[in-house]
6 protein chains.
Amino acid sequence: MFIHNKKLQYTVRVARPDPVLASFMLEQFGGPQGELAAAMRYFTQALGEVDPGRKDMLMDIATEELSHLEIIGSIVAMLNKGAKGRMAEGAEEQADLYRSLSQGCSVQTEALLYGGGPSLTNSAGVPWSAAYIDSIGDPTADLRSNIAAESRAKIVYERLINVTADADVKDALGFLMTREIAHQKSFENALNAIHDNFPPGKLQGKPEFANLYVHASHGNGETLGPWNSGGDWRRLDDVESALPLGGGNGEAEVQLTSEEDKFISAFIRRTRSDPETQPATNAEFGGGRH
Amino acid sequence: MFIHNKKLQYTVRVARPDPVLASFMLEQFGGPQGELAAAMRYFTQALGEVDPGRKDMLMDIATEELSHLEIIGSIVAMLNKGAKGRMAEGAEEQADLYRSLSQGCSVQTEALLYGGGPSLTNSAGVPWSAAYIDSIGDPTADLRSNIAAESRAKIVYERLINVTADADVKDALGFLMTREIAHQKSFENALNAIHDNFPPGKLQGKPEFANLYVHASHGNGETLGPWNSGGDWRRLDDVESALPLGGGNGEAEVQLTSEEDKFISAFIRRTRSDPETQPATNAEFGGGRH
Amino acid sequence: MFIHNKKLQYTVRVARPDPVLASFMLEQFGGPQGELAAAMRYFTQALGEVDPGRKDMLMDIATEELSHLEIIGSIVAMLNKGAKGRMAEGAEEQADLYRSLSQGCSVQTEALLYGGGPSLTNSAGVPWSAAYIDSIGDPTADLRSNIAAESRAKIVYERLINVTADADVKDALGFLMTREIAHQKSFENALNAIHDNFPPGKLQGKPEFANLYVHASHGNGETLGPWNSGGDWRRLDDVESALPLGGGNGEAEVQLTSEEDKFISAFIRRTRSDPETQPATNAEFGGGRH
Amino acid sequence: MFIHNKKLQYTVRVARPDPVLASFMLEQFGGPQGELAAAMRYFTQALGEVDPGRKDMLMDIATEELSHLEIIGSIVAMLNKGAKGRMAEGAEEQADLYRSLSQGCSVQTEALLYGGGPSLTNSAGVPWSAAYIDSIGDPTADLRSNIAAESRAKIVYERLINVTADADVKDALGFLMTREIAHQKSFENALNAIHDNFPPGKLQGKPEFANLYVHASHGNGETLGPWNSGGDWRRLDDVESALPLGGGNGEAEVQLTSEEDKFISAFIRRTRSDPETQPATNAEFGGGRH
Amino acid sequence: MFIHNKKLQYTVRVARPDPVLASFMLEQFGGPQGELAAAMRYFTQALGEVDPGRKDMLMDIATEELSHLEIIGSIVAMLNKGAKGRMAEGAEEQADLYRSLSQGCSVQTEALLYGGGPSLTNSAGVPWSAAYIDSIGDPTADLRSNIAAESRAKIVYERLINVTADADVKDALGFLMTREIAHQKSFENALNAIHDNFPPGKLQGKPEFANLYVHASHGNGETLGPWNSGGDWRRLDDVESALPLGGGNGEAEVQLTSEEDKFISAFIRRTRSDPETQPATNAEFGGGRH
Amino acid sequence: MFIHNKKLQYTVRVARPDPVLASFMLEQFGGPQGELAAAMRYFTQALGEVDPGRKDMLMDIATEELSHLEIIGSIVAMLNKGAKGRMAEGAEEQADLYRSLSQGCSVQTEALLYGGGPSLTNSAGVPWSAAYIDSIGDPTADLRSNIAAESRAKIVYERLINVTADADVKDALGFLMTREIAHQKSFENALNAIHDNFPPGKLQGKPEFANLYVHASHGNGETLGPWNSGGDWRRLDDVESALPLGGGNGEAEVQLTSEEDKFISAFIRRTRSDPETQPATNAEFGGGRH
């Protein structure tokens, strides 16, 4: 069960309201790399996890991410506190309110739709979606996803720090950014505590294709590096001549029953394209017979 | 520019149509771990990439993923070929058609909406969304995201192999699965070819929080491991006593102008909750005065 | 800050795995009336709330809803535990695995995509969206939204109880259902603790239209009741004769500058529909000139 | 069947085109609290309703909401009429057109994508989604949802009035706002015309949990009021000591067959986290072996 | 303003409830080719239309489509009427209710979430989205979109007729299907009543590329027809040799200021991929140092 | 299989970075009428196509559209190249970076979330969705959809040209626009090469409703034209008197079993609306009993 302590994990001081900056901050509240995505990613993994060690770690970090969601949401609420009052009580100078709202789209949506509270949208006003969560229930894949997610969140915090002038907001963002670094380390260690974590899963696949690099894009700018040559890489340069890779004719086929064949053949006949046709088209007659 | 060779990268043989199996395969056509997601992930990264080596690699792999999208889509088309004809030409035995469609939701949606062609949905019929793509334009984060994405795709192919009885379809799925392993290696090598790739980005953050493990979930099942103890970890066990971490009072505050304060105070007064009220509620009177 | 106690708020016993029943339960995990929607609804309101009493109540209930999300997610995890193992390790009898997966769409998506863990989707596999949350930052509106949300969640739990045979699962669902009733009462009392809570907001509107009932649908089945007649209702029966309600000509007009008029007039001329045309159409010639 | 009278229900006068103001107005055209959401909410309820009185009322109000959709859409069309011509015919002064479009995101999307017509998006350009509609087919829940929806719509109209300087547009918004008040009254009366409307549905739940207030958030700011104390409330303050509420061990368990156990145990062994591992990680070696 | 007559435009008789068939019918209620999409497509075009003839036609057809939405929704309500009662009152035989719900995903979602009323989803349970509407405010494009939309809707009705055994439901579907044919003819005639409707819009483009067919896919199966040869087509067979089409070097370039160049160069240096690196990767060491 | 040539199909020159213009261009990268939508529309149709001629054409054009996606994405990358460096390296003058980001919502989202690379969103930041693709697997419907899609894309390019001052960007947009014209011609010719392409599909429908024009919207502005009168049109002016069109009573009915009737009757009784009730409502007592 969750318990809540009304103290924030980190104190939030905001110098003055700024709804445009608030809309930037939403990126980490309801955006794809934000704290709700992080919390739900680890929380759902924890519920499905069958290894005691990872389950414990995932619930620790999920709980902390919920607390970070509270911090970033509190920053948004403080930045919007001025707009909230003006919008609710009717501003004396409407032109001014109109002007401040017309500066950015999430600003206006925040004010009109959400009344100045933090909304679960990204900085463009797009609602948070569970499509952001990529957990699939295999620990070696999920831990790699978590490592990647933490690195993305770290970068977004860095960018938010870069656009923020308020020193206290910067300070809180710096705390949140640093915690992503710590979480990334936990997940890297947990991944490497699984023996035989590569390839993920149980099947080994076809060995003849596991070290093949398919050079499908040719022209100026080709570069060699450890990702496509050297080591145990086999490099396939003349891609078209080698088609298809596994033998056969490179076509797709299926065996139909005679009844299935009857129906699809009727469909093909009924809708066939007649190459002998010389059609008059709208494109040609430019619209309208007069 | 892209060029297309009508040969598939790998030959597709399907023993007989099976629209239910087709709907499973959609997971890798229009699902979050599928080939369109892979292709677009690398293609958009390639366009924004400023390093020649990574740009070359990303375009190579993006191009191959488009070719895999073609393979998995061809499998779907073959598995649906029987249903396509029956649906278009009017099945003789409607009850039978109705029965086969009622087996699963994407089966019926495939037939009604997409007419038996491969649709860009996952196996539940949810349309593909660019929300699946998590590229953010920093190479150390994006490469980690790519490593994770390849490992997830590998697992989904493994599961599809596990549910497929058709040996030829299994064979093609095995090819596609193996290529994900090869791509994962390319991305791992490319990540490690960036010096100083950790922490991602440029800012180092607050050192006092980078090695702290916050033990926020307590109770039976606590476990120690390299992800939360040992090494340079500092472990915070009594989380509540330590609040807030960075000092201060753990509250959120903002400085308002007097005009801002006037509006928000008016709002607070107008909408305050009166604790002395003893309200009659719908809940209490159960609806309706008679 | 949030803290987590590894004990569930309510003990979960599941008689045997049943992935189809698990997919039903997802309705309250990642569905629109589910526990994540409830938790995020109250949590975001709490962050933006400026009244101490409501803020305290909202955070209490938000925290409890997170704990309910944990309970329902644990039920899903238990119901899926059998499928998780079979899918990961490769079932011996593929035909059987295939058959059990083909029974319902979220079953297959759960298995293929989420690997048997609880996913933040509804029972049809649609990802959770913040579009489900309708908070707008006015307490009299938000509390009414919360009352409604609790009543909907109560009904969905009742339906889940109706389809569940497992007595222990029924018991846990009964607990969760009852808590929605308690929360609805809290929100009703909190709404009624706001003096002058109707109409919501500050503006009173146009009094001549506040007690008007517009009888816009006519025919068999018309019924009188306290919602459209009696009391202070004025009933408008002959809707068309009364058009437009506020005077004027019932048309939409705007003043354009001469430059604006020049452009739109050019557009109108360029694209006008010529009623004298006697067009030949595809529809008429049935396709193709031969 | 629906019939349309070309007169608007309320006359629309707009002083001059203003695409930024138009984008605000979209909130009530294609936004979550807007008129399409209202119309579809009541229309779909009316189709499924089995009580004659509510069916009649729901269709009356649904029909009026469609007419309101027409009014707000006509306001948008008038506000965009200038931009529509300039965009279609090619503005003489491109820099000016570019500047006016760059002011807000829905402005540019309206112009580029929708060509100046009203689009079914909210003020941030997010497409309307049926996820906004929360009807569930139980009248006591649906009427509460309708009451809440009307109160939200009223607030959004109030905010739009607050940002609008054009007196005639304000007048039309005032009409629309007032009608939401009247509809809210109809729905409240209809709810209270159902005897025994609380709790919603048929099941009464577990009485020992129906009057319990769980005080899950503790710290500064705790407040007593009729929503959490007094009356018949039992207040649970020491939440953790009372865990789990219904007895048992607070854990989640399921009975597996021996075959299910065999598979999941194999999975656990294969992917276990080894706490003795001292892994080298990317995080530690900072990328690259040189 | 809209008015509603309680008679349906076409009488609906349903032989017996069938929730699986109901879920198929949802394709035309809340699906992409369904009646809400049609009604909203024409209604929003009508509001933005500046030509009197098209505005009149669009509102006529939009109004009729709303009436068709009512017909198809009534069919769904009748097909679900049995399930609605059982779900609300608690079925005596739960196993039976469970079984009927487990047959298809929208069936269960309909019952659990929407309580047997028609929901604005497609047959897979995906909520209706305004992303289905492709109007852009140019009449020659929008009329072509309407022609296409009517032809798609006609096909979906044909497929629904093919899977329906109930003669009366087939009859009503036949009515709805036929009306799409009539609407398609109206839109074709209206398109051809615009002089010079090709190319759409005002700009003529680059004449050297308007009659060029780019043969970008080569291999077995190449076919000649009036769409790629003959008439005024110029056919480009050797695509790669002709790159880039308009001259230049086929690369993308931009002029940066020296400050812009300084920043991006620093970024390139900081994140460059070192081809000399011989990285050790997870992929290679398979996880974990022991 | 796809192959990639690193030369663009058309050379891209950009005079100077401009992230606001970049956000406009996204409309054709990740927007509904953009190049990904075009490529995926034709590619998925090609995979499901059973006619050799159309399959060849669809794959040719799909491949070219991918190459156009590359061109428009390269324009975006060039326009964002300045912002990318500043955001990653930390701008010296934060106020300036903040100011430039606050100009438009996709600008800020591009920078914060996507790091200056092209993102698969429209110009308002809404992620690309496969809901944009309307293919249904019938060639006469799909070709009409393709014709419409090309005409829409042509218009959006024309509008982008109208707002762009950079002559080289205009030039590239002109190329892309012209190719849409060529593709529209191919699809028109291919449609007309199908004999008997109207009505689409196989069923002819009810002849008595195929030439009927339902005049459902009455009032000022009624207009006659070839779309609603003349030729073989029958025009129904007095819509209400003619209800229902096909005979019967215009009501919706279903035959229930006695068990079904028992449940729904119990539900009706339990939730009936009592017209004699004189309810006290929140609306009336305005909140709170004191």
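Residue numbers begin at 1 in each chain, while the letters A, B, ... track the order of the sequences.
With hydrogens and angles ignored, the 3.5 Å screen pairs no side-chain donor or acceptor of F:Asn5 with any backbone N or O of E:Glu240. At least one donor-acceptor pair under 3.5 Å links the side chain of F:Thr11 to the backbone N or O of E:Gly250. A donor-acceptor pair under 3.5 Å is formed between the side chain of F:Asp60 and the backbone N or O of E:Ala216. Put simply, the side chain of F:Glu158 gets close to the backbone of E:Lys202: a donor and an acceptor are under 3.5 Å apart. For E:Lys154 (side chain) and F:Pro200 (main-chain N/O), a donor-acceptor pair under 3.5 Å exists by modelled atom type. Remark: the backbone N or O of F:Pro244 is not paired with any side-chain donor or acceptor of E:Lys7 at under 3.5 angstrom. When atom types are taken as modelled, the side chain of F:Thr178 and the backbone of E:Phe209 share no donor-acceptor pair closer than 3.5 angstrom.
Chosen from F:Leu224, F:Leu173, F:Ile136, F:Asp261, the residue pairing most often with chain E at heavy-atom distances under 4.5 Å is F:Ile136. Between chain F and the residues E:His218, E:Glu150, E:Lys55, E:Arg159, the most heavy-atom pairs under 4.5 angstrom are made by E:Arg159. Here E:Ala88 is the residue among E:Ala172, E:Ala88, E:Ala62 with the most heavy-atom pairs under 4.5 Å with chain F. Looking only at heavy-atom pairs under 4.5 Å with chain E, the residue among F:Thr63, F:Val214, F:Ile181, F:Asp138 that has the most is F:Val214. Most heavy-atom pairs under 4.5 Å with chain E, from the set F:Gly174, F:Gly205, F:Gly53, F:Ser74: that is F:Gly53. Chain E forms the most heavy-atom pairs under 4.5 Å with one residue out of F:Leu212, F:Ile61, F:Ile147, and that residue is F:Leu212. With chain F as partner, the option from E:Phe187, E:Tyr132, E:Tyr213 having the largest number of non-hydrogen pairs under 4.5 angstrom is E:Tyr213. Most heavy-atom pairs under 4.5 Å with chain F, from the set E:Ile133, E:Asn249, E:Asn228: that is E:Asn249. Residue with the most contacts toward chain F among E:Asp142, E:Asp134, E:Leu256, E:Val156: E:Asp134 (heavy-atom pairs, distance under 4.5 Å). Per-residue counts of heavy-atom pairs under 4.5 Å with chain E were compared for F:Arg16, F:Met59, F:Glu180, F:His215; the largest is that of F:His215. Considering only heavy-atom pairs separated by less than 4.5 Å from chain F, the leading option among E:Ser135, E:Gly248, E:Ser265, E:Ala149 is E:Gly248. Across F:Arg54, F:Lys84, F:Met57, F:Arg152, the residue that shares the most heavy-atom pairs under 4.5 angstrom with chain E is F:Arg152.
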>> Is there a side-chain contact (heavy atoms from CB on, under 4.5 Å) between F:Gln255 and E:Val14? Walk through the geometry before answering.
In response: CA-CA 7 Å; F:Gln255 289 298 327; E:Val14 174; over 6 Å; no
>> Let's go through E:Lys6 and F:Glu251 carefully: what are the C-alpha distance in whole Å and the side-chain angles of both, what is the deciding distance for salt bridge (charged side-chain N to carboxylate O under 4.0 Å, His left out) to 0.1 Å, and is it a yes or a no?
In response: CA-CA 8 Å; E:Lys6 287 184 197 296; F:Glu251 297 181 0; over 6 Å; no
> Please walk me through it: do E:Leu203 and F:Ile161 pass side-chain contact (heavy atoms from CB on, under 4.5 Å)?
Replying inline: CA-CA 10 Å; E:Leu203 301 179; F:Ile161 290 171; 4.0 Å; yes
> Could you go step by step and tell me if E:Ser151 and F:Phe198 meet the side-chain contact (heavy atoms from CB on, under 4.5 Å) rule?
Replying inline: CA-CA 9 Å; E:Ser151 73; F:Phe198 183 86; over 6 Å; no
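Using modelled atom types and a 3.5 Å distance limit, the side chains of E:Lys185 and F:Asn211 yield a donor-acceptor pair. Side-chain contact, F:Arg144 with E:Asn146: no donor N or O sits under 3.5 Å from an acceptor N or O.
Taking the charged nitrogens against the carboxylate oxygens, F:Glu259 and E:Arg86 do have a contact shorter than 4.0 Å, which makes a salt bridge. Under a 4.0 Å N-O distance rule, the pair E:Glu89/F:Arg270 qualifies as a salt bridge.
When every heavy atom of E:Ala210 is checked against every heavy atom of F:Ala182, the shortest pair comes out as O-CB, 3.4 Å. Here the closest heavy-atom approach between residue E:Lys206 and residue F:Phe175 is recorded as CE-N, 3.5 Å. Scanning both residues, E:Asn189 and F:Trp233, for their nearest heavy atoms gives ND2-NE1, 4.0 Å.
For a residue to count as touching a neighbouring chain, one of its non-hydrogen atoms must lie under 4.5 Å from one of that chain's; by this rule F:Met177 touches chain E with the side chain only. Contact of F:Glu208 with chain E is not made at all, since no heavy-atom distance falls under 4.5 Å. In this structure, the portion of F:Ala15 lying under 4.5 Å from any heavy atom of chain E is its backbone and not its side chain. Interface residue F:Asp171: backbone and side-chain heavy atoms are both found under 4.5 Å from chain E. Interface residue F:Ser145: backbone and side-chain heavy atoms are both found under 4.5 Å from chain E. Looking at F:Lys81, both its backbone and its side chain come within 4.5 Å of chain E, counting heavy atoms on both sides. For a residue to count as touching a neighbouring chain, one of its non-hydrogen atoms must lie under 4.5 Å from one of that chain's; by this rule F:Pro17 touches chain E with backbone and side chain alike.
A 4.5 Å side-chain heavy-atom check between F:Glu253 and E:Val12 finds every atom pair outside the cut-off. Between F:Gln184 and E:Pro199, the closest side-chain pair of non-hydrogen atoms is not below 4.5 Å. Side-chain contact between E:Arg179 and F:Leu245 is absent, with no heavy-atom pair separated by less than 4.5 Å. F:Leu8 places none of its side-chain heavy atoms less than 4.5 Å from the side chain of E:Leu243.
Residues satisfying the side-chain contact (heavy atoms from CB on, under 4.5 Å) test with E:Pro52, not counting sequence neighbours, are F:Thr223.
In this structure, OG on E:Ser217 lies 7.5 Å from CZ on F:Phe2, to the nearest 0.5 angstrom.
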